[in-house]
Chemist: 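Okay, handing you the structure first.
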2 protein chains.
Amino acid sequence: MPEQNNSHLHALKVSCSNCTLRELCLPVGLNRDELAQLDAVIRQSRRLKRGEYMFRSGEAFKSLFAIRTGFFKTCMSSQDGREQVTGFHMSGELLGMDGISANVHGCDAIALEDSEVCELPFTRMQSLSRDIPSLQHHFYRLMSREIVRDQSIMLLLGNMKADERLAAFLLNVSSRLATRGFAANDFILRMSREEIGSFLGLKLETVSRTLSKFQQQGWIKVDHKHIQLYQTDELKNLISGCIHAQSH
Amino acid sequence: MPEQNNSHLHALKVSCSNCTLRELCLPVGLNRDELAQLDAVIRQSRRLKRGEYMFRSGEAFKSLFAIRTGFFKTCMSSQDGREQVTGFHMSGELLGMDGISANVHGCDAIALEDSEVCELPFTRMQSLSRDIPSLQHHFYRLMSREIVRDQSIMLLLGNMKADERLAAFLLNVSSRLATRGFAANDFILRMSREEIGSFLGLKLETVSRTLSKFQQQGWIKVDHKHIQLYQTDELKNLISGCIHAQSH
DNA sequence: CGTCATTTTGATTGGCGTCAAAAGGTGTGG
DNA sequence: CCACACCTTTTGACGCCAATCAAAATGACG
């Protein structure tokens, strides 16, 4: 049973000061003192098992959540039951920012593997960020990055074909894993074909077929959720025309 | 020639204090004093003629822009020349927030009719928002709203069929016009069929065909850019299944 | 070990893209 | 103000990509 030894609960008292995710998460460029203030605001982290909700659409918004370990999906569900996955999220990423506008969470956040998150009470973060300008700026940057991310997904959903979407998806996962020190070309997908399809605006059969096609061409190896990238150049070629020009 | 009478330049000195857009734009819930501070930060507004750029992708990010009057599109262009419209924007809306993350504008913003914008130098807004908590909170809310907006477009692009997308688009334009005191069911589209298509992930022929179909069914009247909505209920029916459940 | 969920693969369908042409509108210069 | 060129829009015919329907294979989990 999961909670038989409570010893780790003590270890769970989090501290940004010695968190290995510092460069990915909030506390970029803060000094010792400011880090201590941040630590004081962050609630003891929370463990979630696979399938558990971090928050649900419609719940009152009180906190942002930073992923310490694990993997999440965020999704919205329509009235007729279909769900649209709006993102997959890994360690160091901040979830819940869409809840600020209406004080209500706008999507569900669900753990795709056993995970651990830090809770950041928003009003306290807000007042803290008034005292620490670089924290305030960093917050704006994170929200802006989310806007940029969403817009690049709009571009993907609006312009790209099935194989281009899959290629962009695989390369995106790969580079984010690499940023976190994992292997870039050999990884386990935490989500189902259906969830990938929902995210990419495709049906699960199309996802499966396209992965098989990539494998037949020798670009990747697919063994269920275990993916190996052999020829990332070919994948990059596929999407080279669709990505936005880094003009000027 | 456009600038032959400079008299209006004087009139252009903007003031949030007496701006009719207050409820739509930034200064919500500020007192007299705070409004004065805000006015001091906002640069004299700028006039743009149809087709002019407010900013371009790749330009250094220095300011956000609030639309006083007029109509804009934002778009990203891919390396092979195709463009994806990421949004249409009307008075009271704030543009440029995607530039905060990388200090570089991430899209083009182009006037679709003669327009007037207020420039908000970002660093000054940032420091001002430290002094005025409600301004800071409002800023977070605006950025969060942009995230919510983008995600609902992701849902549209990922799940909906052509006619559902068009219906959602028409109803969205209609409600935003109504919010600004214009007629909700009788309006002129400022953008071309191709721009609508780009925004909705459709080709211009499909947009045209679908509008014709709606007209044949008696739901709307299409006279080029002049649109009249006769049966909004039918349009709402069309998308009733796809919109996200307002749970709880 | 049996049941259920997930994934793969095939056959078929349908919606939207593509190509094409004509009509209508817009803007410019004479 | 008109004539002309150009652009936008509409409509039709056709083709293709991905959805749908279906069934078998494989894996996951109690």
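Proteins get letters first, then strands, A, B, ... in listed order; numbering begins at 1 in each. Note that the structure is predicted; figures quoted are calculated from it, not measured.
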Chemist: Heavy atoms under 4.0 Å is the rule here; annotate nucleotides 9-20 of chain C 5' to 3' with B where the base is hit, S where only the sugar-phosphate is, and - elsewhere.
Modeler: BBB----SSBB-
Chemist: Tell me, do A:S91 and A:T69 make a side-chain contact under 4.5 Å, heavy atoms counted?
Modeler: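 No, every pair of side-chain atoms sits at 4.5 Å or beyond.
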Chemist: Are the side chains of B:C107 and B:M76 in contact, using a 4.5 Å heavy-atom criterion?
Modeler: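 In contact.
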Chemist: Roughly how many Å is it from CD in A:E194 to P in C:dT8, rounded to a whole number?
Modeler: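 Going from CD in A:E194 over to P in C:dT8 covers 13 Å.
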Chemist: Parallel, tilted or perpendicular: which fits the ring planes of A:F61 and A:H105, with parallel below 30° and perpendicular above 60°?
Modeler: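 Rings of A:F61 and A:H105: perpendicular, as their planes differ by over 60°.
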Chemist: What is the distance from CG of B:L112 to C1' of D:dT8, rounded to the nearest Å?
Modeler: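 These atoms are roughly 15 Å apart.
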Chemist: Does any part of the side chain of B:R145, heavy atoms only, come nearer than 4.5 Å to the side chain of B:L142, both counted from C-beta?
Modeler: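 Yes. Closest side-chain heavy atoms under 4.5 Å.
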Chemist: With the side chain counted from C-beta on, respond yes when B:F169 and B:L156 share a heavy-atom pair under 4.5 Å apart, and no when they do not.
Modeler: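 They are not in contact (no side-chain heavy atoms under 4.5 Å apart), so the answer is no.
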Chemist: Measure the distance from CG on A:L200 to C1' on D:dC17 and round it to the nearest whole Å.
Modeler: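 To the nearest whole Å, that distance equals 16 Å.
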Chemist: Between A:Y53 and A:I110, is there a side-chain heavy-atom distance shorter than 4.5 Å?
Modeler: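 Side chain of A:I110 against side chain of A:Y53, heavy atoms only: contact under 4.5 Å found.
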Chemist: Distance check needed: D:dT11 C1' versus B:R193 CZ, whole Å only.
Modeler: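 Interatomic distance, CZ of B:R193 to C1' of D:dT11: 13 Å.
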Chemist: Apply the test side chain to side chain contact (heavy atoms under 4.5 Å, CB included) to residues A:V173 and A:F88: give CA-CA distance (whole Å), side-chain angles for both, the deciding distance (0.1 Å), then the verdict.
Modeler: CA-CA 9 Å; A:V173 169; A:F88 297 110; over 6 Å; no
Chemist: Between the side chains of A:R50 and A:D114, is the shortest nitrogen-to-carboxylate-oxygen separation below 4.0 Å, so that they form an ion pair?
Modeler: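 Salt bridge flag = no for A:R50 with A:D114.
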Chemist: Grab the CZ-P distance between B:R190 and C:dT26 for me, whole Å please.
Modeler: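 After rounding, the gap between these two atoms is 12 Å.
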Chemist: Have a look at the helix from C:dC1-D:dG30 to C:dG30-D:dC1 and give the angle its two end axes make, five pairs each, rounded to 10 degrees.
Modeler: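 That helix gives 60° between its end axes.
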Chemist: What string of B, S and - do you get for nucleotides 24-30 of chain D, 5' to 3', if B is base contact, S is sugar-phosphate-only contact and - is no contact with any protein heavy atom under 4.0 Å?
Modeler: ---S-S-
Chemist: Rounded to whole Å, how long is the line connecting atom CE of B:M191 with atom P of D:dT9?
Modeler: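 It works out to 11 Å between those atoms.
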Chemist: Closer than 4.0 angstrom, basic N to acidic O: yes or no for A:R180 and A:E93?
Modeler: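 Between A:E93 and A:R180 there is a salt bridge, with a charged N closer than 4.0 Å to a carboxylate O.
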Chemist: Let me know the distance between CD1 of B:I227 and P of D:dT9, rounded to the nearest Å.
Modeler: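 Rounded to whole Å, this separation is 11 Å.
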Chemist: Between B:S240 and B:N237 (side chain of the first, backbone of the second, donor and acceptor by atom type, cut-off under 3.5 Å), is there such a pair?
Modeler: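 Checking the backbone N and O of B:N237 against the side chain of B:S240, a donor-acceptor pair under 3.5 Å is found.
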Chemist: In whole Å, I'd like the distance from the CG atom of B:L211 to the P atom of D:dT9.
Modeler: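 Going from CG in B:L211 over to P in D:dT9 covers 10 Å.
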Chemist: Are A:K73 and A:E83 ion-paired here, with the side-chain N under 4.0 Å from a carboxylate O?
Modeler: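 Looking at A:K73 and A:E83, the cut-off is met.
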Chemist: Within the structure shown, what part of the strands sits under 4.0 Å from B:K213 by heavy-atom distance: base, sugar-phosphate, or nothing?
Modeler: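 Nothing, no nucleic acid heavy atom in range.
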